[in-house]
Number of protein chains: 2
Amino acid sequence: MREFISITKALSDESRVRALLALRDRELCVCQIVELLGLSPSTVSKHMSILKHARLVEARKERRWMYYRLAEDDAPAAVHAAIAWVLDVLSTTRRIKQDVKTLKEVLKIDPEELCRVQSRR
Amino acid sequence: MREFISITKALSDESRVRALLALRDRELCVCQIVELLGLSPSTVSKHMSILKHARLVEARKERRWMYYRLAEDDAPAAVHAAIAWVLDVLSTTRRIKQDVKTLKEVLKIDPEELCRVQSRR
DNA sequence: AGTATGTTTCGTTATATGTCGAATTAACGG
DNA sequence: CCGTTAATTCGACATATAACGAAACATACT
């Protein structure tokens, strides 16, 4: 039950759901998610840690960057079912389709360049 | 997206999830759910209205009683998928199995008698 | 009409959550 | 080492949520 509630709580915020769906096709580093959502790095970091505690995403640190990706096969069955449900229900919504477009632009920018731009704001 | 978040928010509270699962096999009136959850009638009423707004449950008034039941076929696909997921993940948990037992006892009591007992507390 | 009963709404309170900016930590580059 | 940079943690604030009891509402019984 605890595990289930941690999943539904994680999925009960629009920004977190958008972040989760953004990881559909590839991993992303925090600054890329910051760019997509338009939130502060600290807020995004908090969101990602909530998704991670729910085991919906996994993380990997490489050099200075933290990469997040969707949960893989070692995650609980409840997590896989949740992800499948989210993808099924939301992939075709306006908001998520817009995010796909935005992401395409974000991915064109070199991550180092992206972080540098953000730190100047 | 709005619809989806209303579903996940509804499912992000343990009492609401327990109430939802209690409706698995039959409709229940508010006083029966009150008895199961051990919360005040006003709190249970609020919970049920949140489940109803998310379209996870439907309501029917008969005489003095308000009966709630699981959403039926006319509900959105996202709702059905959510209910299927919840049932699949939680039916076998300790808490829910205990609720099934408690419910069996509650159902033995005539609803009128149950309400009378509650109003004396 | 008047009273009892089942549920909901309202007002209040305590706790939880989302957000930011500042401070801190971790990793790299000179 | 020391400064730079990416991310996280901390502290603060505003808003949202879960809970209750009191009041209001709706229905039935006499």
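Every heavy atom of this structure was used, including side-chain atoms; hydrogens, water molecules and symmetry mates were not. Naming convention: chains lettered A, B, ... in sequence-line order (proteins, then strands); numbering from 1 in each chain.
Toward the 5' end of DNA chain C, the nearer of the two residues A:K9 and A:E62, judged by each one's closest nucleotide, is A:K9.
At whole-Å resolution of the value, CD in A:E14 and P in C:dT19 are 10 Å apart. Computed from coordinates, the A:R18 CZ to C:dG18 P distance equals 15 Å when rounded to whole Å. Protein atom CG of A:L114 is 14 Å distant from nucleotide atom P of D:dT5, rounded to whole Å. B:W65 places its CH2 atom 11 Å from the P atom of C:dT5, with the value rounded to the nearest Å. With rounding to whole Å, B:I50 atom CD1 is found 11 Å from D:dA16 atom C1'. Separating the NZ atom of B:K52 from the C1' atom of C:dT9 is a distance of 14 Å, rounded to the nearest angstrom. Straight-line distance from the CG atom of A:D110 to the P atom of D:dA6: 10 Å, rounded to whole Å. Distance B:E35 CD to C:dT7 C1': 16 Å, rounded to the nearest Å.
For B:E58 and B:R60, the salt-bridge test fails: no basic side-chain N is under 4.0 Å from an acidic carboxylate O.
For A:K61, no side-chain nitrogen or oxygen approaches OP1 or OP2 of C:dA26 to under 4.0 Å. Taking only side-chain nitrogens and oxygens, B:R63 never comes nearer than 4.0 Å to OP1 or OP2 of C:dT5.
The NZ atom of B:K97 lies 8.0 Å from the CZ atom of B:R94; values are rounded to the nearest 0.5 Å. To the nearest 0.5 Å, atoms CG (A:L28) and CG (A:L36) are separated by 8.0 Å. To the nearest 0.5 Å, atoms CZ (A:R18) and CD1 (A:I96) are separated by 7.0 Å. Considering OG1 of B:T8 and CD of A:E14, their distance stands at 10.0 Å, rounded to 0.5 Å. Rounding to the nearest 0.5 angstrom, the gap separating the NZ atom in B:K61 from the CE atom in B:M66 is 5.0 Å.
Counting non-hydrogen atoms under 4.0 angstrom, B:Y68 reaches the backbone sugars and phosphates but no base.
The minimum heavy-atom distance between B:K9 and B:R16, with the atom names listed, is O-NH2, 3.1 Å.
Comparing atom distances between the A:D13 side chain and each of D:dT27, D:dA18, C:dT19 picks out C:dT19 as nearest. Between D:dA18, C:dT17, D:dT8, one nucleotide has an atom nearer to the side chain of A:M66 than all others, and that is D:dT8. Minimum atom distance to the side chain of B:R64 is reached by D:dC29, of the listed D:dC29, D:dT8, D:dT4.
Against DNA chain D, the stretch residues 38-48 of chain B makes heavy-atom approaches under 4.0 Å through B:L39, B:S40, B:S42, B:T43, B:H47.
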